[in-house]
Amino acid sequence: MIPGVVSYVAAMLLMGQVTTRPEPITVSAAVSLTDALEEIGRAYESAGGGAVRLNFAGSNVLARQIANGAPVDLFISADEAQMDLADQAGAILAGTRIDLLGNQLAVVVSRGATSRDLDRTFPGRLLLETFVSLPLVMPPVATGLILLMLFAPRGPIGRLLAPAGIEVIFTWKAVVLAMTVMGLPLFIRTVRGGFEQVDRRYESVAATLGASPFRVFLTITMPLARPAILAGSVLGFARALGEFGATIMIAGSIPGVTRTLSVAIYSFAETGRDVDAAKLVGVSATIAFAALWLANWISTRAGVRS
Amino acid sequence: MIALDFTLRQGSFDLQIHERLDARITALTGPSGAGKTTVLDAIAGLRTPQEGSITVGSRVLFSADSGLNLPPHLRHIGYVTQDVALFPHMNARRNVVYGRRRGQKLSLDVVVEMLEIQGLLDRGAGQLSGGERQRVALARALMSAPALLLLDEPLAAVDVELRRRILPYLERVRDVLGVPILYVTHDTGLRFLPRSGAPDNSDRARSTIASAPAASRWPESRGDRP
């Protein structure tokens, strides 16, 4: 709970003159007071007071007008800082500034929501999620360059793999690596949403029936999140299919070895083989359309938002 | 014998229970918000008290002093929650056998026959009526051979006619299987499970949670002990 106090402050201004004869008065007030002041103004007029001219705007605007000499008789604002500003400008008649109203602001935060979220968290979860999602936002070529530096024979990971005879760069393994790294963020984000939607009651009941946490995950959580897992797989696959930048950095474009669909289209277009390129564009468009259609179909059927 | 002796705090809510239940069936009553479901959750291991202990039969399930807190899947507590929560991706049969333990004496046939759910087993969880879901959930809980059966408002969601039909099944669970039952209801006027044919109250006990938030207590347990 965050308690706060907002007070309404009213002040008679220098321009106002208290006389017995009804005179028109000008009132500047915050917009939020429109309804109340219109009613008060009517009451004032019908009680024999002078005509009331109401000027509604934001308190900061009104205070600036007043500080600059606007002819205002009464300034009503919930913003003490703006009232101070008018005060400091010498625009308020001494002794006429009064606190009119006060109220308390209570902000209620759902305790259940936060504790439930915390149930499934672990230290560094946010860091890990951000890290895994990086390839989604970073330029693929940059991701590819990082992978190249890591997996090159003299890179920190490549050096460990080399003694075991595992070469990554410019082999099919590089293609798999690039596609995995680029497709994983979409997969994980979709699947995570699916897991979060699984009703925890089912997991609780399964536990009381003697199922270990691992069995609960396999038999309850996973099957109930299945639509999201399928949709995530399709989206990850589609992303991998279109992968170009990272692939060309670490796998190159070796025909029959590492030349993927996307890379092949680029190569054909570059060498003027437009017909071949167009054919492959047709193939990739068909696959992409089918994959997205499948993902959407799975999502809508299960009522899962992806 | 079930011994509940614990304090569970949730925000400003302070639930205290000091109770020994020796009856075969105990009804836990009290107004909404008194923490009846919280008591069941604590016994099942879904919520953890801050202090005290929970003992069912000879097994200590929870003891704050010795740092013991058995996870729900090792407690052997059958729990039919208020919303029943049949697994939606399984048919009734797979729901019922989900918690079957190896080497238990209770056979599927006995439970199916007792609760008369033969015709329901091949239906999906979504294709069952309210009363049918109750019986399937009851069968599912029984098949895990629980040392104690917790029922949270099992009759709240069904109409009077269905109540009349479900009550006999609960009586059979009590009489045939001898599983102790702890039963939550807000309906203090409910005539609770009289023995069929002989309306005595020999195995009836009733406990009440007195007041709601701030300091909820469970002050007394009335009724005859068997």
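The figures that follow rest on heavy atoms only: side chains count, while hydrogens, waters and symmetry mates do not. Below, read A as the first sequence line, B as the second, and so on, with proteins coming before strands; counting in each chain starts at 1.
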- Message: Which one wins on heavy-atom pair count under 4.5 Å against chain A: Ala141(B), Ala137(B), Pro88(B), Ala44(B)?
- Response: Pro88(B)
- Item | Flag for Tyr79(B)-Ser204(A): side-chain donor and acceptor within less than 3.5 Å | no
- Query: Which distance, rounded to the nearest 0.5 Å, do you find between the CG of Leu142(B) and the CG of Leu209(A)?
  - Reply: 10.5 Å
- Query: If you draw a 6.0 Å radius around CD in Gln50(B), do more than 12 non-hydrogen atoms from other residues or ligands fall strictly inside?
  - Reply: yes
- Under 4.5 Å from a heavy atom of chain B, the part of Arg226(A) involved: neither
- Message: Does Arg189(A), at its CZ atom, have more than 12 non-hydrogen atoms belonging to other residues, nucleotides or ligands within less than 6.0 Å?
- Response: no
- Nearest 0.5 Å, what's the CG-NE2 distance between Leu224(A) and His89(B)? 4.5 Å
- Query: Is the count of non-hydrogen atoms from other residues, nucleotides or ligands lying under 6.0 Å from Glu39(A) atom CD greater than 12?
  - Reply: no
- Note on the structure: Heavy-atom nearest pair, Phe87(B) first then Tyr202(A), reads CE2-O, 3.3 Å
- Message: Looking at every heavy atom in both Tyr98(B) and Ala211(A), which two are closest together, and how far apart are they?
- Response: OH-CB, 3.6 Å
- Message: Run Arg201(A) and Leu46(B) through side chain to side chain contact (heavy atoms under 4.5 Å, CB included) and show every step you take.
- Response: CA-CA 10 Å; Arg201(A) 292 175 310 160; Leu46(B) 303 180; over 6 Å; no
- Message: Heavy-atom pairs under 4.5 Å with chain A: which of Leu74(B), Thr81(B), Leu150(B), Asp83(B) has the most?
- Response: Asp83(B)
- What option among Arg75(B), His76(B), His73(B) has the most heavy-atom pairs under 4.5 Å with chain A? His73(B)
- Item | Interatomic distance, Thr208(A) atom OG1 to Ile43(B) atom CD1 [nearest 0.5 angstrom] | 12.5 Å
